[in-house]
Amino acid sequence: MSNIKPTLIINHPSSADKALNPIIREMVEAFASACDPMERERLLLLEDPRTGAIYVECHIRANKLITLGTVDVPLDPEEQAEYRANREIVEDHVAFERMKEDALARRTFSNIVSEFTLTFDTEHPLKIIGGQHRFAAIGEALEKQVDEYHGLKVYFSLDNDQRIDVQLISNTNIAVSTDLFDRMQETLSGPQLRTWCQKV
């Protein structure tokens with residue numbers, strides 16, 4: 001870990017007080033030091049105006065993400081530690097198989113949602129809230145020495161309401177129907193089969 005003191009750039013006037021809050025500043029500096037993000041010298045501190053949650057968007061290497069990250073994240077670590085924030089990994093889904101192949105082919109993933117906190121499981125301060133399939137695919141690729149940068153949204157010093165909100169929005173998805181997935185795959189292959197079917 002290096003002693004990095006990032007320059008914090010603030011996006012929202014009401015974020016200024018929060019950015020100057022020593023607890024937030026200390027957590028962001030601890031994150032920058034531990035995770036060594038690509039943007040470490042100039043981290044843009046963002047605020048979600050709806051909840052007041054503070055976060056950064058940045059890129060870190062797979063080795064840092066996997067070593068310091070965990071998907072074993074409780075919904076409420078203080079009161080209900082046994083209930084988990086993430087869905088189970090769907091090992092046999094075609095999209096997950098493709099994701100693993102893409103990770104091995106050095107694809108960089110983004111929009112992995114996490115919270116950086118040292119209040120529990122200090123060995124894994126990067127709690128992965130959204131993107132557990134991408135996290136698993138990156139981990140498998142790292143085992144084969146594929147160590148690319150990946151995009152994260154990292155939250156700091158969330159209160160319980162903010163944490164539940166982030167977990168809810170990160171794990172709410174509209175499932176892609178099999179028909180749509182087939183249509184997208186067919187479009188990728190070219191219009192020949194579709195044209196033939198329409199003629200018939």
Side-chain angles (χ1 to χ4, degrees), residues 1-11 19 21-48 53-75 77 84-89 91 96 98-158 162-163 166-167 169-171:
M1 291 190 200
S2 57
N3 257 344
I4 297 168
K5 297 270 188 192
T7 301
L8 299 181
I9 303 159
I10 300 153
N11 80 313
N21 177 324
I23 294 168
I24 299 261
R25 183 170 285 279
E26 185 179 310
M27 290 308 297
V28 174
E29 289 174 1
F31 163 74
S33 180
C35 297
D36 196 23
M38 185 186 290
E39 301 84 353
R40 65 190 163 272
E41 292 179 18
R42 290 179 51 112
L43 281 170
L44 177 59
L45 198 66
L46 301 163
E47 179 185 10
D48 178 346
I54 297 292
Y55 65 95
V56 297
E57 291 192 353
C58 61
H59 298 82
I60 67 171
R61 283 220 177 260
N63 72 76
K64 294 287 188 182
L65 175 61
I66 300 304
T67 304
L68 299 173
T70 181
V71 294
D72 187 18
V73 182
L75 282 166
R84 293 292 174 258
N86 286 307
R87 300 181 304 269
E88 294 295 318
I89 299 281
E91 295 284 352
F96 184 46
R98 176 67 187 268
M99 198 179 288
K100 293 193 286 188
E101 290 168 12
D102 286 350
L104 277 172
R106 311 189 86 82
R107 165 157 285 163
T108 58
F109 293 101
S110 61
N111 202 26
I112 297 168
V113 181
S114 64
E115 179 184 6
F116 186 86
T117 178
L118 298 165
T119 56
F120 62 98
D121 189 5
T122 55
E123 284 185 36
H124 302 101
L126 207 52
K127 313 306 192 277
I128 306 303
I129 298 166
Q132 68 267 26
H133 285 87
R134 279 163 280 166
F135 180 82
I138 291 164
E140 285 190 25
L142 183 62
E143 289 172 9
K144 296 183 173 144
Q145 282 68 56
V146 177
D147 189 17
E148 297 299 324
Y149 278 98
H150 298 282
L152 277 80
K153 179 184 267 191
V154 185
Y155 287 89
F156 301 96
S157 297
L158 295 174
Q162 291 170 332
R163 183 174 293 113
V166 170
Q167 291 169 345
I169 61 171
S170 298
N171 285 290

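Because only heavy atoms are used, hydrogens play no part in the values below, and waters and symmetry mates are left out as well, while side chains stay in. As the structure is a computational prediction, the values presented were derived from the model and not from experiment. Residue numbers start at 1 and run along the sequence shown.
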Novice: How far does CG of Leu152 sit from CG of Leu126, to the nearest 0.5 angstrom?
Specialist: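 Spacing of CG (Leu152) from CG (Leu126) equals 6.0 Å.
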Novice: Determine the minimum heavy-atom distance between Val146 and Ala103, stating which atoms define it.
Specialist: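 It is CG1-O, 3.4 Å.
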Novice: Counting C-beta onward and ignoring hydrogens, is there a side-chain heavy-atom pair between Cys58 and Phe31 closer than 4.5 Å?
Specialist: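 Side-chain contact under 4.5 Å: yes.
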Novice: Quick test of your reading: applying salt bridge (Lys or Arg N to Asp or Glu O under 4.0 Å), list the pairs with at least one residue in residues 125-138, sequence neighbours left out, ordered by first then second residue.
Specialist: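 Found none.
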Novice: Nearest 0.5 Å please: distance from the CZ atom of Arg25 over to the OG atom of Ser157.
Specialist: 13.0 Å
Novice: Do Asp36 and Ile60 have side chains that approach each other closer than 4.5 Å (heavy atoms only, starting at C-beta)?
Specialist: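 The answer is no, as the side chains (C-beta and beyond) never meet within the 4.5 Å cut-off.
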Novice: Measuring from atom CG of Asp72 to atom CG of Asp121, what distance do you get when rounded to the nearest 0.5 angstrom?
Specialist: 7.5 Å
Novice: To the nearest 0.5 angstrom, please state how far the CD1 atom of Ile129 sits from the CD atom of Gln132.
Specialist: 11.0 Å
Novice: Answer yes if the ring centres of Phe156 and Tyr55 are under 6.0 angstrom apart, and no otherwise.
Specialist: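 Distance test on ring centres: not under 6.0 Å, no.
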Novice: Does Ser114 reach the main-chain N or O of Lys153 with its side chain, forming a donor-acceptor pair under 3.5 Å?
Specialist: yes
Novice: Does Glu115 use its side chain to pair, donor to acceptor, with the backbone of Ile128 at less than 3.5 Å?
Specialist: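 No, Glu115 side chain to Ile128 backbone: no donor-acceptor pair under 3.5 Å.
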Novice: Would you please classify the geometry between the Phe96 ring and the His133 ring as parallel, tilted or perpendicular, with 30° and 60° separating the classes?
Specialist: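 His133 and Phe96: perpendicular rings.
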Novice: What is the distance from atom CD of Glu47 to atom CD1 of Ile24, rounded to the nearest 0.5 Å?
Specialist: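 Taking CD in Glu47 and CD1 in Ile24, the distance rounds to 9.5 Å.
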Novice: Would you mind reporting whether Asn63 and Leu142 have side-chain heavy atoms less than 4.5 Å apart?
Specialist: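 They are in side-chain contact.
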Novice: Could you go through the side chain to side chain contact (heavy atoms under 4.5 Å, CB included) check for Val71 and Val73 one step at a time?
Specialist: CA-CA 5 Å; Val71 294; Val73 182; 5.5 Å; no
Novice: Of the non-hydrogen atoms in Thr119 and Thr117, which two are nearest, and what is the gap between them?
Specialist: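 Shortest heavy-atom contact: OG1-OG1, 2.9 Å.
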Novice: So which of Arg98, Met99, Arg106 actually passes side chain to side chain contact (heavy atoms under 4.5 Å, CB included) with Asp102?
Specialist: Arg98
Novice: Return the NZ to CG distance between Lys64 and Asp147, rounded to the nearest 0.5 Å.
Specialist: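 Spacing of NZ (Lys64) from CG (Asp147) equals 10.0 Å.
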Novice: Answer yes or no: are there more than 12 heavy-atom neighbours, outside Arg61 itself, under 6.0 Å from its atom CZ?
Specialist: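 Count over threshold, so yes.
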Novice: Are the side chains of Glu57 and Leu46 in contact, using a 4.5 Å heavy-atom criterion?
Specialist: yes
Novice: List the residues meeting side chain to side chain contact (heavy atoms under 4.5 Å, CB included) with Thr108, not counting sequence neighbours, and say none if there are none.
Specialist: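 For Thr108, the residues satisfying side chain to side chain contact (heavy atoms under 4.5 Å, CB included) (neighbours in sequence not counted) are Glu148, His150.
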Novice: Any heavy-atom pair between the side chains of Ile138 and Ile112 that's under 4.5 Å?
Specialist: yes
Novice: Under a 4.5 Å cut-off applied to non-hydrogen side-chain atoms, are Tyr155 and Val56 in contact?
Specialist: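 No, every pair of side-chain atoms sits at 4.5 Å or beyond.
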Novice: For Cys35 and Leu68, what are the C-alpha separation, side-chain angles and deciding distance, and is it a side chain to side chain contact (heavy atoms under 4.5 Å, CB included)?
Specialist: CA-CA 8 Å; Cys35 297; Leu68 299 173; 3.8 Å; yes
Novice: With no hydrogens and no angle check, is any side-chain donor or acceptor of Arg163 less than 3.5 Å from a backbone partner on Leu158?
Specialist: yes
